[in-house]
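All chains are named by letter (A, B, ...) in the order of the sequence lines, taking the proteins before the strands, and each is independently numbered beginning at 1. Values reported hereafter were calculated over all heavy atoms of this structure, with side chains retained and with hydrogens, waters and symmetry mates removed.
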Amino acid sequence: MIDIKLIREQREYVKKEMEKLFVSVPIDEIFELDESKRRLLYDIECLRNARKTLSKEIASEKDEETILMKKAKVKRINESIKFQEDELNIVGGRFKTLMLSVPNLPGRDVPVGKDETENAVVSYFNEKKKFDFTPETHYKIGQKRDLIDFERGAKISGTRFYILKKGFARLQRALINFMLDVHVTYHDYEEVYPPYMINEECLIGTGQLPKFADNLYKDEDSGLWFVPTAEVPVTNMYRSEIFNAEDLPIKHVAYTACFRKEKMSAGKDTKGIKRGHQFDKIELVKITTPEAAKEELLSLIADAQDILNRLDIPHRLIRICTGDLSFTASEKFDIEVYAPGINEWLEVSSCSDFGSFQARRANIKFKRNKSSKAEYVNTLNGSGLALPRVMIAVIENYQTKDGRIRIPNALKSYFGTEEFI
RNA sequence: GGAGAGAUGGCCGAGCUGGUCGAAGGCGUUCGCCUGCUAAGCGAAUGUAUGUCCUAAUAGAUGUACCGAGGGUUCGAAUCCCUCUCUCUCCGCCA
């Protein structure tokens with residue numbers, strides 16, 4: 001949620017910023033709703049004040065008739081209050097709905113661009129591998145060597161589900177441990193293992209709801225939702241909490257499975273393990289002061305990239321332009337790995353600074369010192385990294401001519417004496 | 001799943017036969033006094049959110065809401081009633 005004061009005081013500025021995102025947002029309507037909401041609230045408060053005064057008078061009043069008269073007066077006041085409150089509920093409800101659907105404002109130095117075609121590659125890292133044969137796709141290798149079972153995945157769960165077997169199952173498990181170990185040991189993140197099912201407030205807090213309900217799984221019986229990313233439970237751990245400035249930044253790393261319906265992407269990325277309804281991910285989450293956010297974003301990106309450097313996987317860093325920013329982000333960088341088999345760049349991490357957008361929704365604040373007023377924190381996160389696509393990159397980059405996968409040096413300690421899958 | 005107990009300010013803890021309760025008391029914290037230093041002692045202050053007025057102001061004045069959450073009764077609710085959530089104890093079941 002953006003600050004309503006911006007709409008109150010700098011409406012034209014907000015409109016201009018929203019134009020950079022190439023979305024239409026009913027700023028004027030929000031402004032007017034806010035005005036009438038405040039007017040109603042003011043009227044109601046005056047009425048309540050009158051009621052309070054009269055009630056107190058009744059308590060000390062002796063004369064029966066005066067009491068009756070005053071009681072009748074309060075009853076009339078209550079009727080007006082009720083009337084105004086009903087009005088307020090309608091106006092306030094509409095206001096809230098609209099506010100929750102306003103995307104975050106783009107950060108100051110985010111380049112303006114229409115869509116993903118105007119994103120800029122910041123830089124390339126690690127040399128592409130040279131092959132003296134045509135590199136195979138991960139799914140061909142997986143099927144040929146019985147390391148991925150797509151048929152039985154579909155049999156037990158439907159399309160976009162697969163079963164990893166033997167060396168690939170172990171490779172994924174090794175990667176999970178490797179990533180967690182690196183972030184905990186070398187990057188100073190505190191590991192957490194959160195629930196995979198969460199209540200609705202969490203998803204409103206981090207901005208997945210109400211807008212992206214279509215892409216989320218829900219258990220109707222309990223009202224709980226399945227996590228689409230660990231960002232949601234980990235950030236929401238601190239919902240409605242106030243930090244002391246000296247306790248920031250908070251840095252967490254979490255491993256979870258993630259569940260997404262992927263309706264929007266129907267028919268897209270159906271081959272291989274690139275896009276499933278369930279996938280594993282290591283997530284990095286930071287909570288910082290506003291002034292530390294930029295630096296923390298850059299180090300978060302570096303932390304995610306470190307995984308790829310240790311694995312020696314070619315990748316590139318992309319700066320996301322305004323038109324391609326996600327709903328909640330004020331600034332965002334993507335990391336893409338190169339997969340020579342399918343010959344694609346695959347997004348393995350999206351690193352974002354959300355400014356105070358999520359903090360405002362989830363009510364997460366900090367105090368600079370004991371006597372100062374609580375301010376909203378900045379929340380940041382990025383994958384560190386998404387498992388299936390790193391799996392693709394490892395499999396396709398480390399394949400040998402005879403269809404085996406050489407185990408990257410960084411993962412050797414997770415595989416005992418084996419050198420190949 | 002069954003039976004019972006509970007949820008109050010940074011913490012502990014009164015109030016719960018409805019009005020004088022934004023809420024006693026204690027602890028903690030902050031400031032001042034006292035003091036060779038520390039401790040003790042004395043005095044004062046000390047919730048959050050949001051609106052209005054006034055402002056250079058996150059300074060002042062004032063309104064409203066908040067005693068787990070949401071409804072209800074009443075002129076008036078922390079106090080009474082209903083629903084829900086969570087915590088604790090006991091029983092059952094269980095990886």
Side-chain angles (χ1 to χ4, degrees), chain A residues 1-10 30-96 99-100 193-205 218-225 233 236-248 257 289-291 356 358-378:
Chain A
M1 206 148 46
I2 65 168
D3 191 347
I4 182 62
K5 280 183 187 149
L6 282 174
I7 293 179
R8 267 180 216 161
E9 291 160 16
Q10 301 175 59
I30 291 174
F31 177 80
E32 273 148 35
L33 286 167
D34 178 53
E35 290 284 294
S36 43
K37 191 175 75 122
R38 286 154 87 195
R39 209 163 36 238
L40 282 165
L41 214 45
Y42 181 78
D43 291 347
I44 290 170
E45 283 177 4
C46 291
L47 288 167
R48 280 184 183 151
N49 184 232
R51 173 175 70 188
K52 201 171 178 177
T53 312
L54 280 167
S55 288
K56 277 189 179 159
E57 285 170 21
I58 291 170
S60 55
E61 180 60 56
K62 292 282 189 294
D63 181 62
E64 284 293 326
E65 261 182 48
T66 316
I67 290 177
L68 283 176
M69 191 200 78
K70 288 191 172 171
K71 280 191 184 179
K73 209 165 172 183
V74 176
K75 277 204 164 174
R76 278 202 302 280
I77 290 174
N78 277 338
E79 276 164 28
S80 321
I81 291 179
K82 181 86 177 75
F83 182 78
Q84 304 259 53
E85 276 177 345
D86 290 345
E87 187 72 21
L88 179 68
N89 283 338
I90 294 166
V91 172
R94 175 81 182 141
F95 173 77
K96 199 173 173 193
M99 276 303 277
L100 287 175
Y193 174 80
Y196 288 10
M197 298 176 79
I198 49 175
N199 60 36
E200 197 154 302
E201 290 88 85
C202 292
L203 290 151
I204 292 169
K218 180 185 186 183
D219 171 45
E220 287 294 342
D221 191 39
S222 64
L224 293 175
W225 300 70
N236 276 280
M237 280 167 62
Y238 301 108
R239 197 165 70 223
S240 290
E241 293 194 20
I242 299 173
F243 290 99
N244 295 319
E246 64 264 28
D247 296 329
L248 300 177
T289 59
E291 60 273 19
S356 57
Q358 292 182 329
R360 193 167 281 108
R361 286 173 163 244
N363 190 28
I364 308 172
K365 299 184 171 181
F366 78 102
K367 281 189 171 186
R368 293 184 188 274
N369 58 59
K370 282 194 197 94
S371 55
S372 60
K373 205 172 148 80
E375 301 168 51
Y376 288 112
V377 296
N378 271 40

Would you kindly give the [atom1]-to-[atom2] distance between [X] and [N], to the nearest whole Å?
X: L68(A); N: G76(B); atom1: CG; atom2: P; result: 14 Å
X: K373(A); N: G60(B); atom1: NZ; atom2: C1'; result: 15 Å
X: R39(A); N: G63(B); atom1: CZ; atom2: P; result: 24 Å
X: R48(A); N: G51(B); atom1: CZ; atom2: P; result: 15 Å
X: E9(A); N: U58(B); atom1: CD; atom2: C1'; result: 14 Å
X: R239(A); N: C86(B); atom1: CZ; atom2: P; result: 13 Å
X: K71(A); N: G76(B); atom1: NZ; atom2: C1'; result: 9 Å
X: L54(A); N: G19(B); atom1: CG; atom2: P; result: 19 Å

- prompt: T53(A) or A374(A): which one's nearest nucleotide on RNA chain B is closer to the 5' end?
  reply: A374(A)

- prompt: Closest nucleotide of RNA chain B for N49(A) versus for K82(A): which of these residues is on the 5' side?
  reply: N49(A)

Please measure how far the [atom1] atom in [N] lies from the corresponding atom in [M], and state the result in whole Å.
N: C90(B); M: A95(B); atom1: C1'; answer: 23 Å
N: U30(B); M: G47(B); atom1: P; answer: 15 Å
N: A40(B); M: C27(B); atom1: P; answer: 11 Å
N: G10(B); M: A5(B); atom1: C1'; answer: 26 Å
N: A39(B); M: C33(B); atom1: P; answer: 15 Å
N: G18(B); M: G9(B); atom1: P; answer: 23 Å
N: C12(B); M: G92(B); atom1: C1'; answer: 36 Å
N: G68(B); M: C11(B); atom1: P; answer: 13 Å

message: Tell me whether N244(A) contacts the main-chain N or O of E246(A) through its side chain, where contact means a donor paired with an acceptor under 3.5 Å.
response: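 No, N244(A) side chain to E246(A) backbone: no donor-acceptor pair under 3.5 Å.
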
Side-chain N or O of [X] versus OP1/OP2 of [N]: is the shortest distance under 4.0 Å?
X: K75(A); N: C75(B); result: yes
X: N78(A); N: G76(B); result: yes
X: R8(A); N: G51(B); result: yes

- prompt: Closest heavy-atom contact between I204(A) and R361(A)?
  reply: O-NH1, 2.8 Å

Check: [Y] and [X] side chains under 4.5 Å, non-hydrogen atoms:
X: D219(A); Y: W225(A); result: no
X: V377(A); Y: L248(A); result: yes
X: I81(A); Y: R48(A); result: yes
X: E45(A); Y: L41(A); result: yes

- prompt: Among I4(A), L88(A), L100(A), I90(A), which residue meets the side chain to side chain contact (heavy atoms under 4.5 Å, CB included) test with F95(A)?
  reply: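 Filter result, single survivor: I4(A).
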
task: Quick one: label K73(A) by what it contacts on the DNA or RNA (base, sugar-phosphate, nothing), any heavy atom closer than 4.0 Å.
output: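 No contact at all - K73(A) keeps every heavy atom at 4.0 Å or more from the nucleic acid.
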
task: Could you check whether K70(A) gets within reach of a base, just the sugar-phosphate, or nothing at all, counting any heavy atom under 4.0 Å?
output: nothing

message: Between R38(A) and D34(A), does any NZ, NE, NH1 or NH2 come within less than 4.0 Å of an OD or OE carboxylate oxygen?
response: yes

Among the candidates [options], find the nucleotide nearest to the side-chain atoms of [X].
X: V74(A); options: G51(B), C75(B), U50(B); value: C75(B)
X: K365(A); options: U48(B), C75(B), A49(B); value: A49(B)
X: K52(A); options: U64(B), U52(B), G19(B); value: U64(B)
X: R51(A); options: U48(B), G76(B), G19(B); value: G76(B)

message: Is it the case that G51(B) (base atoms only) and E45(A) (side chain only) share a donor and an acceptor within less than 3.5 Å, ignoring hydrogens and angles?
response: no

task: Inspect the surroundings of OH in Y42(A) and state if more than 12 heavy atoms from other residues, nucleotides or ligands are less than 6.0 Å away.
output: no

- prompt: How does RNA chain B look in dot-bracket form if you count Watson-Crick and G-U pairs under 3.5 Å, write [ ] for pairs that cross, and put | where a base pairs with another strand?
  reply: ((((((((.[[[..)...(.....]]]((((((.......))))))(((((((......))))))).[[[[[..)....]]]]])))))))....

